[in-house]
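Reckoned from all heavy atoms, side chains included, excluding hydrogens, waters and symmetry mates.
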Amino acid sequence: MCGRYAIFAEPSKLKDMFGTENILNIAPRYNAAPMQDMPIIIKTRMGMARWGLLPPWAKNDDASLAVKMMNARSETVHEKPSFRDSWEKRRRCLIPVSGFYEWKKSANAKTKTPYFIHGRDNDVLALVGLWSKWGNDVVTYTILTKQADGPIADLHHRMPVIVPASQSEKWFGADTAQAHQMMADASGTSLAFHAVSNQVGAVKNDYKELVDAVAA
DNA sequence: CCAGACGTTGTT
DNA sequence: GTCTGG
DNA sequence: CCAGACGTTGTT
DNA sequence: GTCTGG
């Protein structure tokens, strides 16, 4: 799945990659966590939104509800009450990430090791997601997931749905059947990963060395 | 009818 | 063990 | 996702 | 808001 990630690309590079009409002056992040405001792309605009989808019918700005919606299974997203509305109304987004983290438990489950997963060529990855608006100004999003393939299948059996940035227009223009097809076709074969410091576990830590390789 | 959930991953 | 905060 | 808290009364 | 469970 995807419960922590990094985005440290130059804002101008994101603008070029996704062809957005605006640019966001965002600081590099090495340890983005659910319930934080992060950049997302909706069609040709880039803006900030809070990670963890709060459904429009929520009675309050309910953090315990929203945080559970940080991921949505691509296979069943259309039928879940929490995501249905966003799915049917094509409230799609792309989440730019430099890479994301997964924790692998040891065989005896006593310890866990964090890994940083990134594109083999270190390009920014475009994760697909859905967004929702609650009230007048709470915009939230979720990251879609699917069965893992490629090198990281050894690490985890689920992974975020990743599409080439060049398919941005296709993603936003697709009907729901085509969108499902795009997600089914998404692959993790061009990913690579390495073990990183346990320091990434604490959300308060947010510095560039977190993505550096350490002995596993 | 009302009350309560509404999610994922991973582990058993 | 379970919930909350980040 | 992980880390860290998990409580009350009364006082300022 | 809508569905499920009781």
- Query: Contact class for A:Ala72 vs. all strands (heavy atom < 4.0 Å): base, sugar-phosphate, or nothing?
  - Reply: sugar-phosphate

- Query: D:dC1 base stacked by A:Tyr5? Criteria: ring centres under 5.5 Å, plane angle under 30°.
  - Reply: no

- Note on the structure: When rounded to whole Å, the CZ to P distance for the pair A:Phe100 and D:dC2 reads 14 Å

- Message: Using the C1' atom as the point on both nucleotides, what is the distance between D:dC2 and B:dT8, in whole Å?
- Response: 15 Å

- Item | Nearest to side-chain heavy atoms of A:Arg4, which nucleotide of B:dT8, D:dC2, B:dT11 | D:dC2

- Query: Looking only at side-chain N and O atoms, does A:Lys112 come under 4.0 Å of OP1 or OP2 in D:dA3?
  - Reply: yes

- Among B:dG7, C:dG6, B:dT11, the one nearest any side-chain atom of A:Ser82 is B:dG7

- Query: Under 3.5 Å, side chain of A:Lys104 to main-chain N/O of A:Asp154, donor-acceptor pair present?
  - Reply: yes

- Task: Looking only at side-chain atoms of A:Trp57, point me to the closest of D:dC1, B:dT11, E:dG1.
- Result: E:dG1

- Please work out if A:Lys104 contacts a base, only the sugar-phosphate, or nothing of the nucleic acid, heavy-atom cut-off 4.0 Å. nothing

- Item | Any strand: nucleotide that pairs with B:dG7 via Watson-Crick or wobble, under 3.5 Å | none

- Task: Quickly work out the A:Lys204 NZ to C:dT4 P distance and round it to whole Å.
- Result: 21 Å

- Query: Which nucleotide, C:dG6, B:dC6, C:dT4, lies nearest any side-chain atom of A:Gln36?
  - Reply: C:dG6

- Between A:Arg84 and B:dC6, does any side-chain N or O lie under 4.0 Å from OP1 or OP2? no

- Query: Do the side-chain N or O atoms of A:Arg73 get closer than 4.0 angstrom to the phosphate oxygens (OP1, OP2) of B:dT8?
  - Reply: no

- Message: Determine whether a donor-acceptor pair (N or O, by modelled atom type, separation under 3.5 Å) exists between the side chain of A:Thr140 and the backbone of A:Leu54.
- Response: yes

- Message: Distance check, P atoms only: D:dA3 and B:dT11, in whole angstrom units.
- Response: 16 Å

- d(NE2, A:His157; P, B:dT12) in whole Å: 13 Å

- Message: Looking at A:Arg45 and A:Glu21, is there a salt bridge between them, counting it only when a charged N and a carboxylate O are closer than 4.0 Å?
- Response: yes

- Query: What integer distance in Å separates A:Asn205:CG from D:dA3:P?
  - Reply: 10 Å

- Per atom distances to the A:Met1 side chain, the nearest of B:dT9, B:dT8, E:dG1 is B:dT9

- Of the listed B:dT9, B:dT8, B:dC6, the closest approach to the A:Arg158 side chain comes from B:dT9

- A:Met35 side chain, from C-beta outward: closest of C:dG6, E:dG1, B:dG7: C:dG6

- Separation of the P atoms in C:dT2 and B:dC6, to the nearest angstrom: 15 Å

- Pairing partner of B:dC1 (Watson-Crick or G-U wobble, both distances under 3.5 Å): E:dG6

- Of all the heavy-atom pairs spanning A:Gln199 and A:Tyr207, show the shortest one and how long it is. CB-OH, 3.5 Å

- Query: Can you check the A:Tyr207 OH to C:dG6 P distance for me, whole Å?
  - Reply: 19 Å

- Query: Atom CG of A:Leu65 to atom C1' of B:dG4: distance rounded to whole Å?
  - Reply: 12 Å

- Message: Categorize A:Val67 for me: base, sugar-phosphate, or nothing, with a 4.0 angstrom heavy-atom threshold over every strand shown.
- Response: base

- Parallel under 30°, tilted from 30 to 60°, perpendicular over 60°: which one fits the rings of A:Trp51 and A:Tyr141? parallel

- Message: Does B:dT9 have OP1 or OP2 under 4.0 Å away from a side-chain N or O of A:Thr145?
- Response: yes

- For E:dC3 versus B:dT9, give the span between their P atoms, rounded off to a whole number of Å. 23 Å

- Note on the structure: Between NZ of A:Lys80 and C1' of E:dC3 the distance, given in whole Å, is 12 Å

- Side chain of A:Gln36, backbone of A:Ala33: donor and acceptor closer than 3.5 Å? yes

- Taking the inter-plane angle between the rings of A:Trp103 and A:Tyr101 on a 0 to 90° scale, is it parallel (under 30°), tilted (30 to 60°) or perpendicular (over 60°)? tilted

- Round to a whole Å and report the spacing from CD1 of A:Ile143 to C1' of B:dT9. 14 Å

- Message: Please classify the nucleic acid contact of A:Ala33 as base, sugar-phosphate, or nothing, using heavy-atom distances under 4.0 Å.
- Response: base

